[in-house]
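Residue numbering restarts at 1 for every chain, and letters A, B, ... go by the order of the sequence lines. Being a predicted model, the structure only gives us computed values, none of them experimental. As a basis for the values below, the full set of heavy atoms in this structure was taken, side chains included, without hydrogen atoms, waters or symmetry mates.
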Amino acid sequence: MTGTSQMQVSDEVAITIDGMNKWYGSFHVLRDINLTVYQGERIVICGPSGSGKSTLIRCINALEEHQQGTITVDGTLLSSDLKNVDKIRSEVGMCFQHFNLFPHLTILENCTLAPIWVRKTPKKEAEERAMHFLEKVKIPDQANKYPGQLSGGQQQRVAIARSLCMMPRIMLFDEPTSALDPEMIKEVLDTMIELAEEGMTMLCVTHEMGFARQVANRVIFMDAGQIVEQNEPEAFFNNPQSERTQLFLSQILGH
Amino acid sequence: MSDKTTNPIAFVAKGTIPPAPPPASQAGVVKWVRDNLFSSVPNGVLTLVALAVIYLLLQKTVPWLVNGVWTTSSLNECREVLDGRVGACFSVLTERWHQLLYGFKYPADQYWRPNLALVLLLVAAAPVLFFDLPRKLLIFTGLYPFIAFWLIWGGTIMAPIVALVGFVAAGAVFQIYGRGSFALGFFGGIATALIVWTLGGMLIPEGASDNAMLQAVPSRDLGGFMLNLMLGVTCVSLSLPLGIALALGRQSDMPLIKWICVVFIEFVRGVPLITLLFVASVMLAYFFPPDATVDLFLRVVIMITLFSAAYIAEVIRGGLAALPKGQYEAADSLGLDYPQAMRLIILPQALKISIPGIVNVAVGLFKDTTLVSVISMFDLVGMIRGPILASTEWNGVYWELLGFAAFLFFIVCYGISQYSQWLERRLATDHR
């Protein structure tokens, strides 16, 4: 599994963020964000809480609106045009801190709902694909249970499978392991590592620095709504340049 | 640590103890009585007082029920038969049952029509209430309003057919144009329906209802418990979708829609239902063209529907507010559009949370249909207060008549309540 970070990064651009600014009322949450993500890249975004890292990735699939600058995903400009927004959302998968599975649907229905209604996939085909991805995240035997019957780690893996069923080209992870017990974190991270090895473009907000070292080919450090530092993981962890990064790393790796 | 041989903790069982029954004072009826009725002195006293009260109640009511007279033809005859004994005069029910159930003007030889409509109502409601039944049955549910209209009101069959064609045409227009633009489909659908109804209305010849297969019965001839059921079923089934639309509209990002919904809900909730009913019976005519006569039944249905829709909207708003924001975000992030997210993710959960509140409104609405008696419609209560108690034969029979009315309403309301509890258990998926 070592050497993941050298894999399959193409020079095809997946996401371009150019001069993006966002305010909540008069509070300036994101300040002049410029970022280019290439197809197949695995980017870990870290930073203290309130630094805007979740807001940044939520802007990419328009869960949050930005007020200035442009975001282009797979060549589609993110604007207020609902058609573009829906197109981008169906190409970008997202996993949330609290899983957000649909509690009134079974695991299988959770996975087939969007393909059937958004992609108009025939039901049988959607179910086959869902079972394929549920096998991949190693819970095919739970397919007919409801989310409330599963553990947190299993729920998060279902959430990943649910996103994958839409065949996304990009996956966003918003602190996918922060709400989990320690022993469940590993099963979710293993699933994400497997995904990374297959060349999925990933943007991941996480505090799992071991995951960042092993999987990421770029680590971004944010503070106060700004990208403070970004580098390859080796250089980032061993030789941080900015004072704020050094402080953050000393606190997070200190124990 | 002490020596092993003197260890006081060490123990080995010498054999198997055979199972034995519990002592008599700790099992069966004795235990239950002791635990629940005489667990302490105050509880014992309360039990005895309660038993005395129950005895007094039964002492009065049982003879009244048992001695009840069923076959006389007036209250005076009842009194003669009873000859001073305590006893109910149920004869009023056996003699006037048709008035209590159908009103006093519905033609007696046509009672089979509302009866059949009631039976078909159960068939039509089944696939809606019990969603494990095959979905194809919903086709009949969709046709039922037109069949029921024809059965109860009679007259020319062309009227319900034209109405049905209007709805089908509107639906088709919405299907075709609603895909591109919701507004175009929506208003186009309404326009189409109005055109079809106008043209259809002109096609029906003037005297078509005079010698139709089913004798025409005007709305003012409907009455009795039948009228309560008709109002209740129609208004509940119309106010639920309207309430959902109002609740969603109140959450809308579009200021115009949002404010229309807010003003409507707040206005209707601030006005007593009885006021709205008087408006329906007297004043609504001012808002229609002078020569248009809108049926009184329809006017009352509109008013009760609007009234309960406002309440249902607020109940559903509570359900919507109870959903975590993450459900909306998950639906958005999967690329579902607004109608899909609402229909597949948000409303199923919000409605499930709202079931107790919605049932509360529905039961209240059903009982409120008796208010139409104050605008001179002869529903069950209107029949009792009007023609029956005013007649010389039955003047003074209150307990029997009002008790019968209470009994009928209780059966229906208790049924609704039991259904809702079943539904809640059936839908409980989040923590089992």
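- Of the atoms belonging to A:R58, it is side-chain heavy atoms, and not backbone ones, that fall under 4.5 Å from chain B.
- Only the backbone of A:V92 comes within less than 4.5 Å of a heavy atom in chain B; its side chain stays farther off.
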### Evaluation steps, salt bridge (charged side-chain N to carboxylate O under 4.0 Å, His left out), between A:K136 and A:E194
CA-CA 9 Å; A:K136 213 168 125 162; A:E194 207 174 300; 5.4 Å; no

### Task
Apply the test ring-ring contact (aromatic ring centres under 6.0 Å, His included) to residues B:F187 and B:Y177: give CA-CA distance (whole Å), side-chain angles for both, the deciding distance (0.1 Å), then the verdict.
CA-CA 10 Å; B:F187 293 109; B:Y177 295 103; over 10 Å; no

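- Options B:D332, B:L336, B:D337 differ in how many heavy-atom pairs under 4.5 Å they form with chain A, and the most are formed by B:D332.
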### Query
Which is it for A:E127 and A:K124 under the salt bridge (charged side-chain N to carboxylate O under 4.0 Å, His left out) test, yes or no, and what are the steps along the way?
CA-CA 5 Å; A:E127 281 177 356; A:K124 195 155 176 291; over 6 Å; no

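- For A:L82, no part lies under 4.5 angstrom from a heavy atom of chain B.
- With a 4.5 angstrom heavy-atom cutoff, A:H98 does not touch chain B via any of its atoms.
- The two residues B:A309 and B:L242 make their nearest non-hydrogen contact at CB-CD2, 3.7 Å.
- Donor-acceptor pairing under 3.5 Å is recorded for the side chains of A:D174 and A:S54.
- Both the backbone and the side chain of A:F102 come within contact range of chain B, judged by heavy atoms closer than 4.5 Å.
- Heavy atoms of B:Q340 lying under 4.5 Å from chain A belong exclusively to its side chain.
- The heavy-atom pair separating B:I312 from B:G243 by the smallest distance is CG2-CA, 4.1 Å.
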